[in-house]
Amino acid sequence: VASNIAVTVTRDKFAEMLATQIKPPEYDENFSLEANQLAFAAKLANSIIHEAATSDKKNKGMGTTLSAVYFGKKNKLSIAHIGDSRVYLARGSVLKQLTTDHSLVMEHVRKGVMTKEQADRSPLQNILTKALGTQKNPSIDIYELLLEANDRIILCTDGLFKAISEEDMMRVIMENLDDKTSCQKLVETANINGGPDNITVILGSVTKKSLKETFKSMFNLEK
């Protein structure tokens with residue numbers, strides 16, 4: 001229920017704000033209008049989930065992670081994030097996690113209380129410090145970066161990265177240039193490794209448009 005609300009409200013509210021160029025009341029000048037709109041849409045989703053969780057006993061305590069991305073003007077990628085799902089950038093042979101996990105064990109890692117390897121084995125790794133719906137007004141992380149041709153963006157839940165190392169994840173991505181095949185292979189590998197949780201993976205590649213494609217999009221030409 002929480003995940004469905006998060007996806008629907010964030011998507012629809014962001015689309016509405018994008019179309020009307022509405023500036024959100026809470027605005028971080030360090031980021032673009034689109035990034036602020038995406039974060040505001042996520043906060044609206046949080047309010048609706050929180051209200052549903054507190055007003056109906058069967059939904060008590062529900063919450064969800066959210067990692068939302070928007071590919072905007074001038075090759076800029078905007079991200080709104082809360083929870084422990086992840087957004088990765090695969091550039092060349094390097095896989096980089098763009099988001100920060102809002103989990104108890106990763107808080108310990110950032111404070112130097114435990115190592116990343118210890119966190120991966122900890123029985124506390126499923127405890128989140130932030131998620132949509134669990135707090136009345138949580139902060140939403142915003143990230144932005146400029147994408148380059150051949151970059152690949154991966155969004156995934158913990159069902160993937162807890163079952164497959166980042167090294168193996170990158171190996172699968174580099175061996176499979178087709179996005180759909182990469183997703184299938186990542187899920188297969190995670191399941192072979194035990195598949196401890198539900199797995200969601202989204203992968204998109206950045207490619208340069210040819211001159212013909214550019215003119216076609218400009219003038220909406222038919223083939």
Side-chain angles (χ1 to χ4, degrees), residues 3 6-7 10-11 14-15 18 31-32 34-35 38 42 64-101 106 116-117 119-120 141-223:
S3 297
V7 170
T10 303
R11 178 196 61 208
F14 175 68
L18 191 65
F31 299 100
S32 67
E34 293 82 5
L38 196 59
T64 183
T65 66
L66 177 72
S67 295
V69 302
Y70 172 69
F71 186 29
K73 301 171 184 174
K74 298 180 180 179
N75 298 338
K76 183 174 285 186
L77 184 78
S78 303
I79 304 171
H81 168 78
I82 184 170
D84 69 342
S85 292
R86 293 180 179 177
V87 181
Y88 286 98
L89 167 67
R91 176 174 290 172
S93 60
V94 177
L95 184 69
K96 180 182 179 182
Q97 183 180 339
L98 300 178
T99 52
T100 298
D101 295 356
M106 291 310 295
K116 179 79 162 44
E117 291 70 26
D120 291 340
D141 288 353
I142 303 176
Y143 307 87
E144 282 192 312
L145 73 153
L146 294 178
L147 295 176
E148 300 175 1
N150 302 317
D151 280 351
R152 303 178 79 183
I153 299 296
I154 304 98
L155 293 84
C156 62
T157 58
D158 59 352
L160 182 75
F161 62 77
K162 286 179 181 176
I164 177 173
S165 68
E166 292 182 356
E167 292 78 11
D168 284 344
M169 198 182 301
M170 191 63 194
R171 177 184 54 77
V172 170
I173 291 168
M174 292 183 70
E175 289 176 355
N176 300 277
L177 297 181
D178 176 70
D179 292 341
K180 184 176 181 180
T181 303
S182 286
C183 287
Q184 292 171 339
K185 293 293 184 181
L186 286 169
V187 173
E188 286 174 11
T189 305
N191 281 325
I192 289 170
N193 292 345
D197 203 347
N198 294 333
I199 305 166
T200 298
V201 186
I202 299 172
L203 197 151
S205 297
V206 181
T207 57
K208 283 185 177 180
K209 281 186 176 181
S210 67
L211 187 61
K212 181 180 179 181
E213 289 171 326
T214 302
F215 275 106
K216 183 180 176 183
S217 61
M218 287 173 61
F219 298 104
N220 196 26
L221 300 175
E222 295 294 334
K223 284 185 178 179

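What's counted below: heavy atoms across the whole structure, side chains too, no hydrogens, waters or symmetry copies.
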With rounding to the nearest 0.5 Å, note down the distance linking [atom1] in [X] to [atom2] in [Y].
{"X": "S67", "Y": "L155", "atom1": "OG", "atom2": "CG", "result": "6.5 Å"}
{"X": "L177", "Y": "E175", "atom1": "CG", "atom2": "CD", "result": "10.0 Å"}
{"X": "F31", "Y": "I79", "atom1": "CZ", "atom2": "CD1", "result": "10.0 Å"}
{"X": "Q184", "Y": "N176", "atom1": "CD", "atom2": "CG", "result": "9.5 Å"}
{"X": "D158", "Y": "N198", "atom1": "CG", "atom2": "CG", "result": "9.0 Å"}
{"X": "D141", "Y": "L98", "atom1": "CG", "atom2": "CG", "result": "12.0 Å"}

Does any part of the side chain of [Y], heavy atoms only, come nearer than 4.5 Å to the side chain of [X], both counted from C-beta?
{"X": "T189", "Y": "V172", "answer": "yes"}
{"X": "K76", "Y": "E34", "answer": "no"}
{"X": "V69", "Y": "V87", "answer": "yes"}
{"X": "L145", "Y": "K96", "answer": "no"}
{"X": "Y88", "Y": "E166", "answer": "yes"}

Atom of [X], atom of [Y] and distance for their closest heavy-atom approach:
{"X": "L160", "Y": "V201", "answer": "CD2-CG2, 3.9 Å"}
{"X": "L146", "Y": "R91", "answer": "O-NH2, 3.2 Å"}
{"X": "M170", "Y": "L95", "answer": "SD-CB, 3.7 Å"}
{"X": "T65", "Y": "G83", "answer": "CG2-CA, 3.9 Å"}
{"X": "A42", "Y": "T10", "answer": "CA-OG1, 3.8 Å"}
{"X": "S32", "Y": "S78", "answer": "OG-OG, 3.8 Å"}

Candidate pair T99 and R86, rule side chain to side chain donor-acceptor pair (under 3.5 Å), full reasoning: CA-CA 6 Å; T99 52; R86 293 180 179 177; over 6 Å; no
For K185, does the NZ atom have more than 12 heavy-atom neighbours from other residues, nucleotides or ligands under 6.0 Å away?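 Atom NZ in K185 is not crowded, with 12 or fewer foreign heavy atoms closer than 6.0 Å.
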Looking at D168, I want to see if its CG is surrounded by more than 12 non-hydrogen atoms of other residues, nucleotides or ligands under 6.0 Å.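 Enclosed: over 12 neighbouring heavy atoms sit under 6.0 Å from CG of D168.
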Decide yes or no on side-chain contact (heavy atoms from CB on, under 4.5 Å) for R152 and I173, but give the supporting numbers first. CA-CA 9 Å; R152 303 178 79 183; I173 291 168; 3.2 Å; yes
Donor-acceptor pair, distance only, cut-off 3.5 Å: does the side chain of [X] make one with the backbone of [Y]?
{"X": "D179", "Y": "S205", "result": "yes"}
{"X": "N193", "Y": "I164", "result": "no"}
{"X": "Y143", "Y": "T100", "result": "yes"}

Under the side-chain contact (heavy atoms from CB on, under 4.5 Å) criterion, do I153 and L89 qualify, and how do the steps go? CA-CA 5 Å; I153 299 296; L89 167 67; 3.7 Å; yes
